[in-house]
Amino acid sequence: MRPTDFERRHVESIAKADVNLMVKEMEEANVIGGVLMGRETLNPVYGGVPNEDLHELCEKFPGKFVAFAGICPHDPKALKKMEYAIKTLGMKGVSLDPGWCDPAIQAYDKKIYPIVDLAAQLNVPVAYAMSAYTGPDLTYTDPSKMMPLMQQYKNVNFVLCHGA
């Protein structure tokens, strides 16, 4: 998704959609590793990135990446998928995009509590995509209303990607 182009310089691996080239560029830049964020929104407009695809990249490039499982709070199988991704695929955390879900929900919605509860049990962090492009309006980027959730789950590390 490219709402604007001003923030991007030309990167060959992006232009060619070539993961092998991206790993080469990482090595040339002395980048030792990256985090792959799963995306699952059940939203046909924004699409997603299957956890199995991320697992495949981690297997193809050992030691180069760690992956976070994309989980959609609307999915009735969300907790089952999350447990599979962490325990079987070896993913290191959970990635949520509540503002991109269909329908969009806030980062502190009650549907997210069971996901955070399971993250606490599995001892993995929970990452949220929070930027100007992650919801119908800017209220979806305000982390201040997440405080009750964060206070309830003090043993969970929360990551707010893109600086809210």
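For reference, positions follow the sequence shown, starting with 1. Nothing here was measured: the structure is a model prediction, and the numbers come from that model.
Taken from CE in Met130 to SG in Cys161, the straight-line distance is 10.0 Å, to the nearest 0.5 Å. Between atom CG of residue Asn20 and atom CZ of residue Phe61 there is a gap of 4.0 Å, rounded to the nearest 0.5 Å. In this structure, the separation between NZ on Lys145 and OH on Tyr108 is 5.0 Å, given to the nearest 0.5 Å. Annotation: the span from Leu96 atom CG to Thr41 atom OG1 amounts to 11.5 Å, rounded to 0.5 Å. The CG atom of Leu118 lies 12.5 Å from the NZ atom of Lys80; values are rounded to the nearest 0.5 Å. Between atom CG of residue Asn51 and atom CD of residue Glu40 there is a gap of 6.5 Å, rounded to the nearest 0.5 Å.
Proximity of Asp109 to Pro73: side-chain heavy atoms (C-beta onward) are nowhere separated by under 4.5 Å.
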Got a list of side-chain donor-acceptor pairs under 3.5 Å for residues 22-33, not counting sequence neighbours?
unit_1 : atom_1 : unit_2 : atom_2 : d
Glu25  : OE1    : Ser13  : OG     : 2.5
Glu25  : OE2    : Ser13  : N      : 3.0

Please list every donor-acceptor pair under 3.5 Å in which a side-chain atom of residues 152-160 meets a protein atom from a residue at least two apart or in another chain.
unit_1 : atom_1 : unit_2 : atom_2 : d
Tyr153 : OH     : Asp117 : OD1    : 3.4

Side chain to side chain contact (heavy atoms under 4.5 Å, CB included) between Phe68 and Val94, worked out: CA-CA 5 Å; Phe68 277 40; Val94 177; 5.7 Å; no

Verdict with reasoning, Glu59 to Glu56, per side chain to side chain contact (heavy atoms under 4.5 Å, CB included): CA-CA 5 Å; Glu59 292 286 305; Glu56 185 179 315; 5.7 Å; no

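Taking the ring centre of Tyr84 as origin, the terminal cationic atom of Lys81 falls outside the region bounded by 6.0 Å and 45° from the ring axis.
Within a 6.0 Å sphere centred on CG of Asn123, other residues, nucleotides and ligands contribute 12 heavy atoms or fewer. The environment of NZ in Lys64 is crowded: more than 12 heavy-atom neighbours from other residues, nucleotides or ligands sit within 6.0 Å.
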